[in-house]
Amino acid sequence: MIYPSINEIMKAKDIDSKYTLVIATAKRAREINQSKVTFTECKSDKAVTVALHEIAENKVNLKSSDENKPVIVSDAIMNQILEEDLSASLEENFESDGE
(Lines give C-alpha, C1' and ligand atoms only; values in the text may rest on other atoms or scores of the structure.)
Protein backbone atom coordinates (compact mmCIF):
# COMPACT_ATOMS: atom_id res chain seq x y z
CA MET A 1 0.00 0.00 0.00
CA ILE A 2 1.20 3.46 -0.87
CA TYR A 3 1.79 5.86 1.99
CA PRO A 4 0.72 8.60 1.97
CA SER A 5 -2.41 7.40 0.20
CA ILE A 6 -3.66 9.18 -2.87
CA ASN A 7 -7.02 9.84 -1.20
CA GLU A 8 -5.36 11.45 1.84
CA ILE A 9 -3.27 13.73 -0.38
CA MET A 10 -6.29 14.69 -2.49
CA LYS A 11 -8.30 15.68 0.60
CA ALA A 12 -5.42 17.60 2.20
CA LYS A 13 -4.45 19.43 -1.00
CA ASP A 14 -8.03 19.93 -2.25
CA ILE A 15 -7.21 18.28 -5.58
CA ASP A 16 -10.27 17.57 -7.69
CA SER A 17 -9.10 14.46 -9.59
CA LYS A 18 -6.70 11.59 -9.17
CA TYR A 19 -5.50 12.22 -12.71
CA THR A 20 -4.18 15.65 -11.68
CA LEU A 21 -2.29 14.19 -8.75
CA VAL A 22 -0.88 11.33 -10.84
CA ILE A 23 0.35 13.68 -13.58
CA ALA A 24 1.94 16.04 -11.05
CA THR A 25 3.60 13.13 -9.24
CA ALA A 26 4.93 11.72 -12.51
CA LYS A 27 6.37 15.09 -13.53
CA ARG A 28 8.10 15.53 -10.18
CA ALA A 29 9.39 11.94 -10.30
CA ARG A 30 10.96 12.66 -13.70
CA GLU A 31 12.62 15.76 -12.25
CA ILE A 32 13.97 13.68 -9.37
CA ASN A 33 15.34 11.05 -11.76
CA GLN A 34 17.06 13.68 -13.88
CA SER A 35 18.43 15.94 -11.15
CA LYS A 36 18.79 13.53 -8.20
CA VAL A 37 17.65 16.43 -5.95
CA THR A 38 14.92 15.76 -3.41
CA PHE A 39 13.29 18.04 -0.86
CA THR A 40 12.40 15.40 1.72
CA GLU A 41 13.82 12.44 3.57
CA CYS A 42 12.15 9.19 2.62
CA LYS A 43 12.89 5.54 3.36
CA SER A 44 12.28 4.64 -0.26
CA ASP A 45 14.66 5.49 -3.08
CA LYS A 46 11.90 5.25 -5.71
CA ALA A 47 11.26 8.58 -7.39
CA VAL A 48 7.46 8.23 -7.42
CA THR A 49 7.32 7.54 -3.69
CA VAL A 50 9.63 10.45 -2.95
CA ALA A 51 7.51 12.72 -5.18
CA LEU A 52 4.34 11.71 -3.32
CA HIS A 53 6.00 12.46 0.01
CA GLU A 54 7.16 15.87 -1.25
CA ILE A 55 3.64 16.75 -2.39
CA ALA A 56 2.07 15.51 0.87
CA GLU A 57 4.60 17.42 2.99
CA ASN A 58 4.12 20.68 1.02
CA LYS A 59 7.74 20.60 -0.17
CA VAL A 60 6.52 21.26 -3.71
CA ASN A 61 3.32 22.96 -4.79
CA LEU A 62 0.91 22.12 -7.56
CA LYS A 63 0.01 24.96 -9.84
CA SER A 64 -2.27 24.76 -12.86
CA SER A 65 -1.10 26.34 -16.06
CA ASP A 66 -3.40 27.99 -18.58
CA GLU A 67 -4.21 24.61 -20.14
CA ASN A 68 -5.11 23.18 -16.69
CA LYS A 69 -2.09 20.91 -16.74
CA PRO A 70 -0.43 20.56 -13.34
CA VAL A 71 2.96 22.20 -13.00
CA ILE A 72 5.40 21.65 -10.16
CA VAL A 73 6.53 24.88 -8.53
CA SER A 74 9.57 24.41 -6.32
CA ASP A 75 11.44 26.82 -4.13
CA ALA A 76 13.24 29.48 -6.20
CA ILE A 77 16.59 28.74 -4.59
CA MET A 78 16.39 25.04 -5.39
CA ASN A 79 15.42 25.86 -8.98
CA GLN A 80 18.49 28.06 -9.29
CA ILE A 81 20.70 25.26 -7.94
CA LEU A 82 19.19 22.80 -10.41
CA GLU A 83 19.74 25.19 -13.30
CA GLU A 84 23.37 25.71 -12.28
CA ASP A 85 23.93 21.95 -11.97
CA LEU A 86 22.36 21.31 -15.36
CA SER A 87 24.40 24.11 -16.95
CA ALA A 88 27.61 22.70 -15.52
CA SER A 89 26.67 19.21 -16.68
CA LEU A 90 25.91 20.44 -20.19
CA GLU A 91 29.19 22.35 -20.33
CA GLU A 92 31.11 19.25 -19.24
CA ASN A 93 29.37 17.12 -21.86
CA PHE A 94 29.97 19.74 -24.55
CA GLU A 95 33.66 19.99 -23.65
CA SER A 96 34.13 16.20 -23.61
CA ASP A 97 32.37 15.86 -27.00
CA GLY A 98 34.64 18.50 -28.51
CA GLU A 99 37.88 16.67 -27.66
Side-chain angles (χ1 to χ4, degrees):
M1 178 176 281
I2 298 173
Y3 176 80
S5 76
I6 292 173
N7 292 331
E8 288 175 11
I9 295 171
M10 287 181 60
K11 287 178 187 175
K13 295 293 210 171
D14 196 31
I15 298 172
D16 57 348
S17 74
K18 290 181 181 180
Y19 177 78
T20 302
L21 178 60
V22 168
I23 295 299
T25 302
K27 285 184 177 188
R28 179 62 189 136
R30 278 188 225 109
E31 289 178 0
I32 291 169
N33 280 331
Q34 290 175 351
S35 67
K36 307 296 186 220
V37 175
T38 61
F39 302 126
T40 188
E41 294 294 322
C42 182
K43 291 180 182 178
S44 178
D45 60 346
K46 295 180 180 179
V48 172
T49 303
V50 174
L52 277 172
H53 279 272
E54 289 180 349
I55 292 169
E57 296 171 7
N58 291 323
K59 302 290 181 168
V60 293
N61 298 316
L62 305 181
K63 179 181 175 185
S64 295
S65 66
D66 293 293
E67 299 90 31
N68 289 328
K69 296 179 185 174
V71 178
I72 299 293
V73 179
S74 302
D75 188 41
I77 296 171
M78 292 308 293
N79 283 337
Q80 182 179 359
I81 292 169
L82 291 173
E83 288 174 8
E84 291 170 359
D85 288 346
L86 289 173
S87 298
S89 177
L90 289 173
E91 288 175 7
E92 289 173 11
N93 287 338
F94 181 76
E95 290 173 1
S96 65
D97 289 342
E99 292 179 10

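Under the 4.5 angstrom side-chain criterion for Ile, Leu, Val, Met, Phe, Trp and Tyr, the cluster partners of I32 are V50. Clustering of Ile, Leu, Val, Met, Phe, Trp and Tyr by side-chain heavy atoms under 4.5 Å joins V22 with none of the others.
Here CZ of R28 is found 12.0 Å from CG of L52. Values are rounded to the nearest 0.5 Å. Note that OG1 of T25 and CD1 of I55 are 3.5 Å apart. Values are rounded to the nearest 0.5 Å.
Side-chain atoms of E54 do not come within 3.5 Å of backbone N or O of V60 as any donor-acceptor pair.
For N58, the side-chain hydrogen bond (donor to acceptor under 3.5 Å, both in side chains) partners two or more places apart in sequence, or in a different chain, are K13. Considering only residues two or more places apart in sequence or on other chains, E57 meets the side-chain contact (heavy atoms from CB on, under 4.5 Å) condition with T40, H53, K59.
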Pairs under 3.5 angstrom only: tabulate donor-acceptor contacts from the side chains of residues 42-49 to other protein residues two or more places apart or in another chain.
from : atom 1 : to  : atom 2 : distance (Å)
S44  : OG     : K46 : N      : 3.1

